[in-house]
Amino acid sequence: MVYVENEFAPLKKVILAVSEFGFPKVIREDDLRFLPDINTESDVANAGKDFAEVYPEQQKAWDLERSNFAAVLEKYGVEVLRPRLLTNLEKEVGADDGYANFFVRDPFFTVGNAVIEGSLRFLQRRNEILPIRDIFEQQVYPDDCLYVAAPKPAIHDHGDLSRWHGPFIEGGDVLVLGKQVFVGNSGLASNSLGIRWLSKLLKPYGYHVEEIRLHPDILHLDCALGLIREGLMVVCEDAFLDDIPEHLKQWDKINVTLSEAGQLATNGLPINPNVYITDPVFKPIGNKLSLYGIHVEYVDFQISRSFGGSFRCSTQSLLRRF
């Protein structure tokens with residue numbers, strides 16, 4: 001079965017990312033301003049190389065992070081699916097822009113019983129959906145669910161990302177709360193055209209899609225907002241250009257700073273309304289959550305976070321419902 005009711009209903013089936021990254025041959029620093037630690041000089045030296053080739057020990061540690069994460073998920077009875085690795089041909093296609101197979105949240109997302117392939121802004125991520133489609137053949141095709149793909153984005157030369165037309169719609173920007181769907185727009189990922197497309201798709205099924213304007217240094221909405229359970233959230237209020245959504249204003253808030261948001265403080269993952277996974281570096285947040293009766297599991301995710309994503313970014317739910 002495929003169905004996602006909201007962000008905190010019991011997680012029963014999830015796709016967990018693998019850990020592949022290829023450095024682009026041409027480094028555009030403005031494209032990477034959302035990353036917590038940019039080392040442009042190092043990236044230029046590694047241009048065109050595979051991360052595992054350049055940093056074999058860090059690659060092992062990165063793989064271990066994801067394995068440790070999977071172990072926690074499985075401890076709570078979650079079925080964990082993993083995408084295959086990229087083929088050599090998939091790595092070679094568009095090699096000037098690099099390649100990625102590391103954050104499964106963004107290439108597609110699930111709203112209710114709709115599985116939706118997104119449209120990614122960053123060129124190095126445009127083929128990231130391909131290793132996931134094998135899972136779709138096994139899990140999505142046999143199920144009585146909707147399966148669609150966003151329109152292919154318009155072609156642009158390199159330059160200011162905010163001027164690219166799209167449409168762009170990425171899973172990290174999409175937060176589901178029943179029939180309410182929040183979608184972020186910072187100029188780095190999803191854009192207004194992509195959000196209009198999603199609204200057009202979902203409106204006949206009774207969904208209301210709300211665009212949320214974000215600070216330009218925030219990549220996705222889930223880097224500024226985490227819905228822990230009904231009535232409780234972790235949020236960076238400074239990341240919202242027009243205040244937090246009206247629907248959430250009465251919720252209890254655990255606030256984080258813009259700097260903490262940049263370190264992925266809001267990007268933990270609820271397994272259910274009573275259990276939450278985050279990095280031990282965010283133990284102060286975990287301590288506050290425990291006051292609300294939330295049990296917090298800690299997994300070191302330092303390397304994953306260095307790539308600009310954390311626990312939610314590393315997963316995409318296929319079944320999450322009460």
Side-chain angles (χ1 to χ4, degrees), residues 1-11 105-121 140 143-151 153 165-215 218-237 239-253 266-267 269-270 273 312-313 315-322:
M1 183 178 185
V2 173
Y3 192 87
V4 169
E5 185 172 344
N6 55 42
E7 299 297 326
F8 45 79
L11 182 60
R105 174 65 55 169
D106 304 316
F108 86 99
F109 50 96
T110 314
V111 180
N113 69 342
V115 175
I116 304 165
E117 289 192 14
S119 175
L120 301 184
R121 187 185 291 265
V140 176
D143 193 80
D144 185 17
C145 65
L146 182 67
Y147 173 32
V148 297
H165 189 64
F168 300 115
I169 185 76
E170 304 193 5
D173 276 318
V174 179
L175 270 65
V176 181
L177 186 62
K179 291 293 186 178
Q180 181 75 24
V181 179
F182 305 109
V183 187
N185 180 359
S186 68
L188 280 171
S190 303
N191 69 353
S192 292
L193 187 59
I195 297 169
R196 284 174 57 196
W197 174 83
L198 182 63
S199 179
K200 182 175 179 62
L201 172 70
L202 294 178
K203 187 176 181 179
Y205 301 96
Y207 288 91
H208 177 258
V209 175
E210 180 178 351
E211 180 173 353
I212 309 296
R213 297 196 311 134
L214 297 172
H215 187 284
I218 295 291
L219 177 58
H220 292 126
L221 180 58
D222 64 6
C223 301
L225 175 64
L227 306 182
I228 307 301
R229 70 180 184 203
E230 185 73 31
L232 177 63
M233 60 184 173
V234 178
V235 62
C236 174
E237 294 188 82
F240 293 80
L241 300 186
D242 304 307
D243 204 354
I244 61 175
E246 187 69 31
H247 195 91
L248 302 176
K249 285 188 176 179
Q250 301 306 312
W251 284 34
D252 290 336
K253 299 186 289 289
T266 71
N267 201 260
L269 186 77
R312 188 175 189 272
C313 296
T315 56
Q316 183 55 260
S317 307
L318 286 179
L319 183 56
R320 187 189 269 281
R321 68 180 304 170
F322 289 102

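- Annotation: the span from Ile218 atom CD1 to Ile212 atom CD1 amounts to 14.0 Å, rounded to 0.5 Å.
- Under a 3.5 Å cut-off, the side chain of Glu5 and the backbone N or O of Phe322 do form a donor-acceptor pair.
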Assess whether side chain to side chain contact (heavy atoms under 4.5 Å, CB included) is satisfied between Ser186 and His215, documenting all intermediate values. CA-CA 6 Å; Ser186 68; His215 187 284; over 6 Å; no
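- Inter-residue side-chain proximity for Asp173 and Asp222 is flagged as unmet; no heavy-atom pair is nearer than 4.5 Å.
- With a 4.5 Å cut-off on side-chain heavy atoms, Leu214 and Leu221 count as touching.
- Taking each heavy atom of Val176 and Val4 in turn, the nearest pair found is CG1-O, 4.2 Å.
- Residues Val235 and Phe240 form a side-chain contact, since some pair of their non-hydrogen atoms from C-beta on lies under 4.5 Å apart.
- Asp106 places a side-chain N or O within donor-acceptor distance of the main-chain N or O of Gly172, the cut-off being under 3.5 Å.
- The distance from the CH2 atom of Trp251 to the CG atom of Leu232 is 8.0 Å, given to the nearest 0.5 Å.
- Side chains of Pro273 and Glu230 form no contact here, defined as non-hydrogen atoms less than 4.5 Å apart.
- For Arg105 (side chain) and Arg312 (main-chain N/O), a donor-acceptor pair under 3.5 Å exists by modelled atom type.
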Walk me through it: do Glu7 and Leu177 pass the test side chain to side chain contact (heavy atoms under 4.5 Å, CB included)? CA-CA 7 Å; Glu7 299 297 326; Leu177 186 62; over 6 Å; no
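- Under the 4.5 Å side-chain criterion, counting only non-hydrogen atoms from C-beta, Leu225 is not in contact with Thr266.
- Checking side-chain atoms of Asp252 against main-chain N and O of Met233 turns up no donor-acceptor pair under 3.5 Å.
- The backbone N or O of Gly187 sits less than 3.5 Å from a side-chain atom of Asn185, completing a donor-acceptor pair.
- Considering only heavy atoms from C-beta on, Leu175 stays 4.5 Å or farther from Val181 through its side chain.
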Any chance you could lay out the side chain to side chain contact (heavy atoms under 4.5 Å, CB included) test for Ile116 and Trp197, step after step, and finish with the verdict? CA-CA 11 Å; Ile116 304 165; Trp197 174 83; 3.8 Å; yes
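- Annotation: Lys200, atom NZ; neighbour count of heavy atoms from other residues, nucleotides and ligands within 6.0 Å does not exceed 12.
- Closest heavy-atom contact between Pro270 and Leu227: CG-O, 3.5 Å.
- The minimum heavy-atom distance linking Gln316 with Phe109 is given by the pair NE2-CA, 3.4 Å.
- For the atom pair OG of Ser119 and CG of Leu198, the computed distance is 12.0 Å after rounding to the nearest 0.5 Å.
- Considering CG of Asn6 and CD of Gln180, their distance stands at 12.5 Å, rounded to 0.5 Å.
- A distance of 6.5 Å separates SG of Cys145 from CG of Asn113, quoted to the nearest 0.5 Å.
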Steps toward side chain to side chain contact (heavy atoms under 4.5 Å, CB included) verdict (Arg121, Ile169): CA-CA 8 Å; Arg121 187 185 291 265; Ile169 185 76; over 6 Å; no
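- Taking 4.5 Å as the limit, every side-chain heavy atom of His208 sits out of range of all side-chain heavy atoms of Leu202.
- From Leu219, atom CG reaches atom SG of Cys313 across 7.5 Å, with rounding to the nearest 0.5 Å.
- Closest approach of Gly118 and Ala150 over heavy atoms only: C-CB, 4.0 Å.
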Output, in order, the C-alpha distance, side-chain angles, deciding distance and verdict of side chain to side chain donor-acceptor pair (under 3.5 Å) for Glu117 and Tyr147. CA-CA 8 Å; Glu117 289 192 14; Tyr147 173 32; 2.5 Å; yes
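- Side-chain contact check for Glu246 versus Glu210: every heavy-atom pair is 4.5 Å or farther apart.
- Around atom NZ of Lys203, no more than 12 heavy atoms belonging to other residues, nucleotides or ligands sit under 6.0 Å away.
- For Asp242, the CG atom is densely surrounded, since the number of other residues' heavy atoms within 6.0 Å is greater than 12.
- For Phe108, the ring pair (Phe, Tyr, Trp, His ring centres under 6.0 Å) criterion is met by Phe136, not counting sequence neighbours.
- Relative to the ring axis of Phe8, Arg229 does not place its NZ or CZ within 45° and under 6.0 Å from the centre.
- In this structure a side-chain-to-backbone donor-acceptor pair under 3.5 Å is missing from Lys253 to Cys236.
- For the pair Ser317 and Leu11, the tightest heavy-atom approach, listed with the atom from each and the gap, is OG-CD1, 3.4 Å.
- In terms of heavy-atom proximity, Pro153 sits nearest to Phe168 at CB-CE2, 3.6 Å.
- Ser190 places a side-chain N or O within donor-acceptor distance of the main-chain N or O of Glu170, the cut-off being under 3.5 Å.
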